[in-house]
Asks: 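Below is the structure I would like to discuss, written out as structure tokens.
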Amino acid sequence: SCSCRSGYSGDGFTCTAIDHCALGTDLCDTNATCTYTGPGTYTCACNSGYTGDGYTCTPMTGRTGTARHVGGTWISVQYVRCGSGSPGACNASTAKASCTGIGQKVVSHGSNGTTEVSSLGATNSCMWSASYFTINTTMSSADCLVGISNLEWSSCCGTSSWHGNTLAFGAAGVIFGYVYSTNTGYVSSYPNIDGQHWGCVSEATAATNRSGCTTQYVACTP
């Protein structure tokens, strides 16, 4: 007698790989995307604007948008105040805690990736490149993004220091950010508007503030 192996369907004499995504038999949330990974297997990822494990997705609240991974995909982010939001208070631990406090990770252009930090995949990011972002609502000119280039990363500054670029937010739905022309993920057609740098300083040292900014935010992602 013949029987199909796990992940296949049929009478044993003819077996077909099961694609739950195509069949609609996956268990992904209705606000998630199913990706076929092999016979009978798949992954679920929440769609832009939602957070969760893919099986349960809930809408992100507050100021949301996207950040560009160097591979070209855009991931969902939520912008939260870095601690109190006051300039001079946003150091590495405060940035991480601001995101872990809502069950997410802080975004860094380059990072080894940890339980507190999500890397955007850069392999060369030592010129204050923070990547590219969008936001769903136009912010005040007094608000700014602490764009992190290097946090918990063995390259550039090393894992005990950090650096980045404090940037002005763009208008709603408009790409903003900065990547140096020789750094990973540079796109010449995007606005590459520099902000206020800080570089390879102790994680206890606060991010430098840009002129006119009174409230600092960081980008978080599930």
Side-chain angles (χ1 to χ4, degrees), residues 32-33 35 37 43-51 54 60 63-80 82 90 92 95-96 98-100 104-136 144-171 173-201 203 207 210 217-222:
T33 298
T35 302
T37 56
T43 59
C44 303
C46 295
N47 296 332
S48 178
Y50 292 83
T51 184
M60 287 184 172
R63 298 172 174 87
T64 62
T66 60
R68 186 180 186 273
H69 189 277
V70 298
T73 58
W74 291 81
I75 63 171
S76 297
V77 295
Q78 183 169 351
Y79 300 102
V80 299
C82 188
C90 187
K96 289 185 284 189
S98 298
C99 292
T100 58
Q104 297 186 31
K105 300 179 181 182
V106 69
V107 170
S108 179
H109 190 228
S111 175
N112 294 345
T114 69
T115 57
E116 299 174 300
V117 185
S118 178
S119 175
L120 292 177
T123 55
N124 184 358
S125 180
C126 211
M127 293 298 292
W128 308 290
S129 300
S131 195
Y132 305 105
F133 301 85
T134 67
I135 189 168
N136 67 353
C144 56
L145 173 66
V146 174
I148 301 170
S149 292
N150 180 118
L151 181 58
E152 307 300 338
W153 197 28
S154 52
S155 296
C156 193
C157 297
T159 56
S160 61
S161 300
W162 73 321
H163 81 115
N165 198 336
T166 305
L167 306 165
F169 279 105
V174 176
I175 295 172
F176 69 96
Y178 178 78
V179 178
Y180 189 70
S181 59
T182 60
N183 283 181
T184 314
Y186 172 74
V187 179
S188 61
S189 60
Y190 291 165
N192 286 281
I193 301 175
D194 207 353
Q196 188 65 43
H197 309 148
W198 76 96
C200 292
V201 295
E203 289 194 6
R210 62 179 294 274
Y217 289 78
V218 288
C220 310
T221 193

Asks: What pair of heavy atoms forms the shortest contact from Ser149 to Ser129, and how long is it?
Replies: OG-O, 2.5 Å
Asks: Evaluate the pair Cys82, Cys90 and indicate whether the two SG atoms are within a distance below 2.5 Å.
Replies: yes
Asks: Give yes when the SG atoms of Cys220 and Cys99 are nearer than 2.5 Å, otherwise give no.
Replies: yes
Asks: Heavy-atom distance under 4.5 Å between the side chains of Tyr79 and Val218, does that happen here?
Replies: no
Asks: Does a side-chain heavy-atom distance below 4.5 Å link Leu120 with Val107?
Replies: yes
Asks: Drop me the distance from Ser98's OG to Gln78's CD, to the nearest 0.5 angstrom.
Replies: 11.5 Å
Asks: Could you check Cys157 against Cys126 for disulfide bond (SG atoms under 2.5 Å apart), going step by step and ending with a plain yes or no?
Replies: CA-CA 8 Å; Cys157 297; Cys126 211; 5.3 Å; no
Asks: If you compare all heavy atoms of Val77 against all heavy atoms of Ala67, which two are closest, and at what distance to 0.1 Å?
Replies: CG1-CB, 3.7 Å
Asks: For Ala219 versus Phe133, what's the shortest heavy-atom pair and its separation?
Replies: CB-CE2, 4.0 Å
Asks: Considering only residues two or more places apart or on different chains, which pairs with a residue in residues 114-123 satisfy salt bridge (Lys or Arg N to Asp or Glu O under 4.0 Å)?
Replies: Lys96-Glu116
Asks: Pairs under 3.5 angstrom only: tabulate donor-acceptor contacts from the side chains of residues 163-171 to other protein residues two or more places apart or in another chain.
Replies:
unit_1	atom_1	unit_2	atom_2	d
His163	NE2	Ser125	O	3.1
Asn165	OD1	Gly195	N	3.1
Asn165	OD1	Gln196	N	3.2
Asn165	ND2	Trp128	O	3.1
Asn165	ND2	Asp194	OD1	2.7
Thr166	OG1	Thr208	O	2.5

Asks: Can you tell if the side chain of Tyr190 reaches within under 4.5 Å of the side chain of Val179, non-hydrogen atoms only?
Replies: no
Asks: Give the minimum heavy-atom separation between Ala32 and Gly54, together with the two atoms involved.
Replies: CB-O, 3.3 Å
Asks: May I ask you to check whether Tyr132 and Asn192 show a side-chain donor-acceptor distance below 3.5 Å?
Replies: yes
Asks: Does a donor on one side chain sit under 3.5 Å from an acceptor on the other, for Thr37 and Thr43?
Replies: no
Asks: Report the distance from atom OG1 of Thr73 to atom CZ of Arg68, rounding to the nearest 0.5 Å.
Replies: 8.0 Å
Asks: Does any non-hydrogen side-chain atom of Tyr186 lie less than 4.5 Å from one of Asn124?
Replies: no
Asks: Calculate, to the nearest 0.5 Å, the distance between atoms NE2 and OG belonging to His69 and Ser131 respectively.
Replies: 9.0 Å
Asks: Can Ile175 and Trp74 be said to form a side-chain contact (heavy atoms from CB on, under 4.5 Å), step by step?
Replies: CA-CA 11 Å; Ile175 295 172; Trp74 291 81; 4.0 Å; yes
Asks: One pair to check against side-chain contact (heavy atoms from CB on, under 4.5 Å): Val146 and Tyr217. What are the steps and the verdict?
Replies: CA-CA 6 Å; Val146 174; Tyr217 289 78; over 6 Å; no
Asks: What's the spacing between Ile148 CD1 and Trp198 CH2 if we round to 0.5 Å?
Replies: 6.0 Å
Asks: Quick one: does any side-chain atom of Thr221 pair with a main-chain N or O of Ser76 as donor and acceptor, under 3.5 Å?
Replies: yes
Asks: Could you report the tightest heavy-atom contact between Arg63 and Ile135, atom names first, then the distance?
Replies: CB-CD1, 4.3 Å
Asks: Give a yes or no answer on whether the side chain of Asn112 reaches the backbone of Ser154 with a donor-acceptor pair at less than 3.5 Å.
Replies: yes
Asks: Is His109 close to Val70 at the side-chain level, that is, under 4.5 Å between some pair of heavy atoms?
Replies: yes
Asks: If you take all heavy atoms of Leu151 and Ala92, which pair is closest and at what distance?
Replies: CD1-CB, 3.8 Å
